[in-house]
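Naming convention: chains lettered A, B, ... in sequence-line order (proteins, then strands); numbering from 1 in each chain. In this text the structure is predicted, and so the values were computed from the model without any measurement.
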2 protein chains.
Amino acid sequence: MADDDPFPIPDMAEVELVDVLRALGDPARLQIVRKVADGEPWPKTDDTWGLNISKSTLSHHFRTLRESGLTRTIVHGRTHDIQLRRAELDKKFPGLIDAILREG
Amino acid sequence: MADDDPFPIPDMAEVELVDVLRALGDPARLQIVRKVADGEPWPKTDDTWGLNISKSTLSHHFRTLRESGLTRTIVHGRTHDIQLRRAELDKKFPGLIDAILREG
DNA sequence: TTAACCGTTCGATAGTTGTCGAACGGTTTC
DNA sequence: GAAACCGTTCGACAACTATCGAACGGTTAA
């Protein structure tokens, strides 16, 4: 069963806009999302997040992003990738990701 | 001088996207913004906000919205209107307001 | 198998935030 | 002027959150 998935993500149908916005309303998380906005998997160890935070804090933000419905986690042995659920998000919230990428 | 303005708003040039998103990342505030999304002034006393909160809490949210750059306050004697800074926001963050209005 | 590595989780902490009722100041109405 | 009204501010409080270091478990490499 997939119940053992250590990194479960909410069904997009259950994702609430307000939760997505709250997840985006943090400098570290917004920066992460912008980086992974291409929809490709990015290694969590990428040293170019540009964030001056500890690895436990970074892990916390990854979890918040995932639980809000923004991202999914892909496990490769001992390394993880983070991926924006771009297609699903674009369908559920048209224009939202585009809007936060256009630097204001 | 306008320094006495009791409800100062930030210059749109100084408004940060992350602060706007954080302001929107609350159920009460998101609902308010959606209501005033037409860009018209709405009386704060409007009894159709649909929020079950005290007037002091409502006042707190109005302040948060204003300080984040989303709204302005228009004083009419003892009553106040709240107005979304729609045109400015659309220019600074194209598509953002539209995106949060499209019910996902 | 031992060591190094990746990332999470735990426990603690300080700061922020949403909430309320009471009090207050300004405005309108009587 | 007195009373009613609108909305903010204040003080308090509980809940949440961002942060860290240490410890841990799983995976890969030596």
- prompt: Taking atom C1' of D/dT8 as reference, at what distance in whole Å does atom CZ of B/F62 sit?
  reply: 12 Å

task: Would you mind telling me which of A/D81, A/T73, A/T79 makes a side chain to side chain contact (heavy atoms under 4.5 Å, CB included) with A/K44?
output: A/T73

Letter per nucleotide, 5' to 3', of nucleotides 19-30 of chain D [B base touched, S only sugar-phosphate touched, - untouched; heavy atoms, 4.0 Å]: BBB----BBB--

message: Any salt bridge linking B/E88 with B/K92? Criterion: basic side-chain nitrogen under 4.0 Å from a carboxylate oxygen.
response: no

CG on B/L101 to CG on B/L30, rounded to 0.5 Å: 9.0 Å

- prompt: Over how many whole Å does the gap from B/I82 atom CD1 to D/dC6 atom P extend?
  reply: 17 Å

task: Specify the residue among A/D81 and B/R29 whose closest nucleotide of DNA chain C lies further upstream toward the 5′ end.
output: A/D81

task: Starting at atom CG of A/L24, determine the distance to atom P of D/dT17, rounded to an integer number of angstrom.
output: 15 Å

query: Between A/R63 (CZ) and D/dT17 (P), how many Å, whole number?
result: 12 Å

- request: Provide, to the nearest angstrom, the distance between the CD1 atom belonging to A/I74 and the P atom belonging to C/dC6.
  value: 18 Å

CG/B/D11: more than 12 non-hydrogen atoms of other groups inside 6.0 Å: yes

field: Separation of atom CD in A/E67 from atom C1' in C/dT9, rounded to whole Å
entry: 13 Å

Separation of D/dA18 C1' from A/R22 CZ (nearest whole Å): 14 Å

query: Which other residues end up in the same hydrophobic cluster as A/V75, if Ile, Leu, Val, Met, Phe, Trp and Tyr are linked when side-chain heavy atoms come under 4.5 Å apart?
result: A/F7

task: Round to the nearest Å and state the distance from A/H80 atom NE2 to C/dC5 atom P.
output: 17 Å

query: Going from CH2 on B/W49 to CD1 on B/I82, what distance comes out if it is rounded to the nearest 0.5 angstrom?
result: 5.5 Å

